[in-house]
*Asks:* 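What follows is a structure written as structure tokens; I'll ask about it next.
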2 protein chains.
Amino acid sequence: MEDNTPPFNSIFSIDCLVFGYEAGELKILLIERSEDPFKDWYALPGYIVQQEESLDHAAERTIFELTGLRDLPMKQFHTFGDVDRHPKGRVITVGYYALIRINAQKELRSISSMARKALWHPVKTLPKLAFDHSDIFHTGFAKIRRRLTHQPIAFDLLPEKFTLTQLQGLYEAILDKKLDKRNFRKKMLSYGYLKELVEKQRGVSYRAAKLYKFDRRKYAKIFQNEMGPSAAQQ
Amino acid sequence: MEDNTPPFNSIFSIDCLVFGYEAGELKILLIERSEDPFKDWYALPGYIVQQEESLDHAAERTIFELTGLRDLPMKQFHTFGDVDRHPKGRVITVGYYALIRINAQKELRSISSMARKALWHPVKTLPKLAFDHSDIFHTGFAKIRRRLTHQPIAFDLLPEKFTLTQLQGLYEAILDKKLDKRNFRKKMLSYGYLKELVEKQRGVSYRAAKLYKFDRRKYAKIFQNEMGPSAAQQ
DNA sequence: GCAAAAGTGTTAGTCCTACACCCATGA
DNA sequence: TCATGGGTGTAGGACTAACACTTTTGC
């Protein structure tokens with residue numbers, strides 16, 4: 001790692017875990033760094049927080065600039081402040097996560113001059129990341145896994161209309177274990193916030209499955225007290 | 001609020017929620033500010049994070065300087081970074097909490113020149129706090145309430161030896177609701193991490209209750225997977 | 001002996017888990 | 001007609017919630 005830029009004093013930044021789900025796999029958005037330190041390494045997309053900008057805003061801006069998506073429910077999960085986490089100076093970073101629908105059509109933009117490109121990478125086979133980004137990933141992913149059981153965050157990853165089997169596949173990908181089909185369906189439907197559509201799956205060479213929608217309105221009514229991150233945005 | 005000190009640029013700080021339990025009440029450590037802004041207001045004890053100091057270290061230092069207690073399990077819970085949360089400049093602050101045993105003998109020291117004194121204040125009747133400290137309090141307290149049901153954090157607040165009724169009183173103080181005596185005892189004992197002592201309560205004018213200890217070793221064995229904050233320190 | 005808290009079981013309802021077969025569809 | 005996933009019910013065990021009386025102790 002060569003480095004000839006001058007050192008700096010304290011700054012803060014945000015780093016984002018952006019999860020997506022594609023081809024039955026859970027993926028995360030990474031950038032490939034084009035500058036030292038950690039030139040050519042993969043890293044989490046991150047940004048320095050600007051003087052007149054809240055943390056939440058910085059996180060949303062990062063996602064927007066990478067994916068073109070606005071108003072995503074970004075959630076803070078932990079702040080990393082070890083003295084030596086950045087070789088060039090003191091950087092305290094706030095970890096955020098978002099769960100989004102991958103839009104295969106839309107091209108990813110590089111987030112800054114530091115990044116050669118951005119890409120979706122399966123979480124199952126993540127390489128070592130720059131800085132302490134591997135730690136950040138593990139901390140955040142563990143949090144999401146715990147949250148999944150209590151809050152309806154999975155729907156942010158799926159297309160608007162989905163089958164119960166797709167939903168189950170997603171749960172299995174996040175929790176990394178097989179679930180029982182009958183129990184899973186019973187439980188999901190018992191929550192009462194899935195809306196069954198008349199529309200069915202099309203273009204499959206087997207019995208077409210019913211499609212469902214996540215009904216935010218119903219969810220909010222049912223769980224008025226313990227608001228989930230998805231519900232929080234309305 | 002008068003203020004004639006010069007403004008500053010970005011700095012980071014930590015603010016601590018230090019909980020204690022005394023006389024059947026849940027209390028929190030506050031300082032009374034002796035300087036503008038928010039002169040004479042109550043505030044959370046907080047500190048600026050020094051250049052060569054990790055966030056965790058700054059939090060532990062704060063507690064040590066106020067209470068003389070070392071090596072407490074300080075836990076980060078959220079970071080607050082709104083642009084205008086401090087009238088004198090940009091201050092991003094990381095919220096930490098700790099649960100400790102109040103030692104009535106030991107006098108509290110003021111944490112800095114900014115604070116006239118430090119005191120234990122019941123959480124039930126908290127006044128408005130300086131800056132956004134009321135928000136910080138509510139966010140952190142909500143987190144602890146949720147955590148209490150899953151993790152054995154209550155024992156940090158009690159004396160080493162305690163009765164089941166004392167333990168129940170503490171749970172009731174934190175959750176702010178009455179619990180059923182028989183069910184509470186059954187459940188607590190079923191966890192298997194309470195050690196019954198031969199020693200009994202003394203000096204009470206009614207049937208003396210059995211004393212118990214929280215057995216960290218047993219707890220760690222039973223819940224090797226999902227480590228709690230108390231277990232984390234060994 | 002009285003006041004005050006300690007201590008103790010059972011029942012009904014709910015939730016969780018494990019488990020296997022027939023159905024509808026397109027190729 | 002076959003391959004593929006879609007869709008369905010039950011029974012046993014575990015956990016939860018509700019509920020009231022007797023025991024021990026110090027004064």
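Here is the naming used below: chain letters follow the sequence lines, and residue numbers restart at 1 for every chain.
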*Asks:* Rounded to whole Å, please give me the gap between NZ in A:K181 and C1' in C:dC19.
*Replies:*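 In whole Å, C:dC19 C1' and A:K181 NZ are 13 Å from each other.
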
*Asks:* Would you kindly compare B:Y212 and A:Y206 by the position of their nearest DNA chain C nucleotide and give the one closer to the 5′ end?
*Replies:*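 Nearest-nucleotide comparison on DNA chain C picks B:Y212.
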
*Asks:* Testing the 3.5 Å rule here: is there a donor-acceptor pair between the side chains of A:T93 and A:D15?
*Replies:*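 Result is yes, a qualifying pair exists.
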
*Asks:* Should the ring pair A:F155 and A:F214 be called parallel, tilted or perpendicular, given that the plane angle runs from 0 to 90° and is split at 30 and 60?
*Replies:*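 Judged by the thresholds at 30° and 60°, the geometry between A:F155 and A:F214 is parallel.
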
*Asks:* Whole angstrom is fine here: how far is it from CZ in B:R185 over to P in C:dT8?
*Replies:*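 Atom CZ in B:R185 sits about 7 Å away from atom P in C:dT8.
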
*Asks:* For A:F184 and C:dC16, give me the distance from atom CZ to atom P, rounded to whole Å.
*Replies:*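 My rounded result for the distance is 14 Å.
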
*Asks:* Have a look at A:L17 and tell me which of A:L44, A:L99, A:V123 forms a side-chain contact (heavy atoms from CB on, under 4.5 Å) with it.
*Replies:*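 With A:L17 as partner, A:L44, A:L99, A:V123 yield a single side-chain contact (heavy atoms from CB on, under 4.5 Å), made by A:L44.
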
*Asks:* Can you check side-chain contact (heavy atoms from CB on, under 4.5 Å) on A:I102 and A:Y21, steps first, answer last?
*Replies:* CA-CA 7 Å; A:I102 295 183; A:Y21 184 59; 5.9 Å; no

*Asks:* From CZ of B:R182 over to P of C:dT11, roughly how many Å is that when rounded to an integer?
*Replies:*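 Taking atom P of C:dT11 as the reference, CZ of B:R182 is at 13 Å.
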
*Asks:* What nucleotide among C:dG26, C:dG7, C:dA20 has an atom nearest to a side-chain atom of A:S205?
*Replies:*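 Closest of the options to the side chain of A:S205: C:dG26.
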
*Asks:* In whole Å, I'd like the distance from the NZ atom of A:K187 to the P atom of C:dT14.
*Replies:*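 Result: 18 Å.
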
*Asks:* Report yes if a donor N or O on one partner sits less than 3.5 Å from an acceptor N or O on the other, where the partners are the side chain of B:K210 and the base of C:dG7; otherwise report no.
*Replies:*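 Side chain to base: no pair present.
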
*Asks:* Would you mind reading off the distance between A:N183 atom CG and C:dA20 atom C1', rounded to a whole angstrom?
*Replies:*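 My rounded result for the distance is 13 Å.
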
*Asks:* In sequence, state the C-alpha distance, the side-chain angles, and the governing distance for A:E172 and A:K178, and then conclude on salt bridge (Lys or Arg N to Asp or Glu O under 4.0 Å).
*Replies:* CA-CA 6 Å; A:E172 289 177 342; A:K178 283 270 163 234; 3.5 Å; yes

*Asks:* Extract, from 5' to 3' on DNA chain D, the first and final nucleotides lying under 4.0 angstrom from some heavy atom of chain A.
*Replies:*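 On DNA chain D, the outermost contacted nucleotides are D:dT4 to D:dT10.
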
*Asks:* Is the charged tip of A:R145 near the ring of A:F141: under 6.0 Å from the six-membered ring centre and within 45° of its axis?
*Replies:*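 Satisfied, under 6.0 Å and within 45°.
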
*Asks:* In terms of side-chain heavy atoms of A:K186, which of C:dA6, C:dG7, C:dA18 is nearest?
*Replies:*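 Minimum distance to the A:K186 side chain belongs to C:dA18.
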
